[in-house]
Amino acid sequence: MASLRAQAEPVLGTGAAARIRAFENGDLYVEARTASTIWAWLVDFLLVTGLSVAAAVTYYFKSYSVDAAVGASVIGIAGLFVLPLLYGWFYGNGRGLGALFNGIRLVRLRDGGRIGLWKAGWAMLIRTLGFVIIALGVLNGDVTVTNGVRTSIDVRETERLRAAGFVRKP
């Protein structure tokens, strides 16, 4: 891989060439920057939690129920589980709004393919609920943001890598 990175460096630059990886099937890709991945997760986290809180607050202020606070709490907590699943299902191609803003895509580590609807919903649920834990880990120095099944790729740099003729691991 070191010689491949050296050959790709004039095309991609030092930073992107250092992030060249291979899927399990041998196809090459450029791994997304850790900062891009964290920013994507932050955007998705804020979107989903913001919608959950907005729904709970709206219910609380519009409800005539005596137990409006209880209903709002239930709506807010349920929203934290339901909305990420729905949000993930709309983005089964691995490109939620956070990923679109940061130019990355969540793909299968096995072959770089789409993660699919069910797995996208599950991945978004894990990202949303685990974002705080992951962010604290990153602040503590752990930059591992992959789980061994999925990874985030830098879409533009991967396209440039492949256009330059670097498609499969030698």
Side-chain angles (χ1 to χ4, degrees), residues 1-51 80 83-170:
M1 273 306 250
S3 66
L4 177 88
R5 288 182 180 129
Q7 292 172 355
E9 190 172 322
V11 176
L12 299 177
T14 308
R19 293 182 284 121
I20 295 175
R21 306 282 186 273
F23 294 117
E24 293 172 9
N25 70 356
D27 290 347
L28 297 173
Y29 69 96
V30 178
E31 186 177 50
R33 291 180 185 90
T34 301
S36 296
T37 303
I38 297 301
W39 278 112
W41 289 27
L42 177 64
V43 168
D44 294 337
F45 171 77
L46 291 175
L47 177 69
V48 170
T49 55
L51 287 173
L80 291 176
L83 287 175
L85 288 172
L86 292 174
Y87 179 64
W89 289 338
F90 281 108
Y91 297 103
N93 66 352
R95 299 212 60 193
L97 289 178
L100 283 171
F101 292 153
N102 287 284
I104 65 175
R105 174 180 284 131
L106 186 66
V107 297
R108 289 190 310 245
L109 198 52
R110 181 180 65 225
D111 59 4
R114 294 175 184 250
I115 56 175
L117 293 179
W118 170 248
K119 302 248 181 179
W122 177 248
M124 193 59 69
L125 178 65
I126 297 302
R127 283 179 170 200
T128 303
L129 297 179
F131 178 77
V132 175
I133 295 167
I134 291 165
L136 290 174
V138 167
L139 291 175
N140 197 32
D142 180 14
V143 294
T144 307
V145 290
T146 183
N147 63 359
V149 177
R150 294 175 293 274
T151 190
S152 292
I153 65 169
D154 186 320
V155 175
R156 187 174 70 88
E157 296 297 340
T158 299
E159 289 171 356
R160 288 181 58 209
L161 177 73
R162 293 179 179 164
F166 299 103
V167 178
R168 294 195 54 82
K169 188 175 178 180

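Numbers here are sequence positions counted from 1.
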Tell me, please, which residues at least two apart from [X] pass side chain to side chain contact (heavy atoms under 4.5 Å, CB included).
X	value
Leu12	Ala8, Ala16, Ile20, Val30, Glu157, Arg160, Leu161
Leu51	Leu47, Leu83
Ala18	none

My understanding is that only residues two or more places apart in sequence, or in another chain, count here; which of them pass side chain to side chain donor-acceptor pair (under 3.5 Å) with [X]?
X	value
Arg110	none
Asn102	none
Asp111	Arg108

Subject >> salt bridge (charged side-chain N to carboxylate O under 4.0 Å, His left out) partners of Arg5, counting only residues at least two apart >> reply: none
**OP:** Would you indicate whether the side-chain heavy atoms of Leu28 and Arg162 approach each other to under 4.5 Å?
**Re:** no
Subject >> Residue pairs involving residues 8-21 (criterion side-chain hydrogen bond (donor to acceptor under 3.5 Å, both in side chains); sequence neighbours excluded) >> reply: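 For residues 8-21: Glu9-Thr14, Arg21-Glu31.
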Subject >> Over all atoms of both residues, closest heavy-atom pair of Ala40 and Ile104 >> reply: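 Here Ala40 and Ile104 meet closest at CB-CD1, 3.7 Å.
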Subject >> Qualifying ring pair (Phe, Tyr, Trp, His ring centres under 6.0 Å) pairs with a residue from residues 149-170, counting only residues at least two apart or across chains >> reply: none
Subject >> For Phe23, all residues meeting ring pair (Phe, Tyr, Trp, His ring centres under 6.0 Å), sequence neighbours excluded >> reply: Tyr29
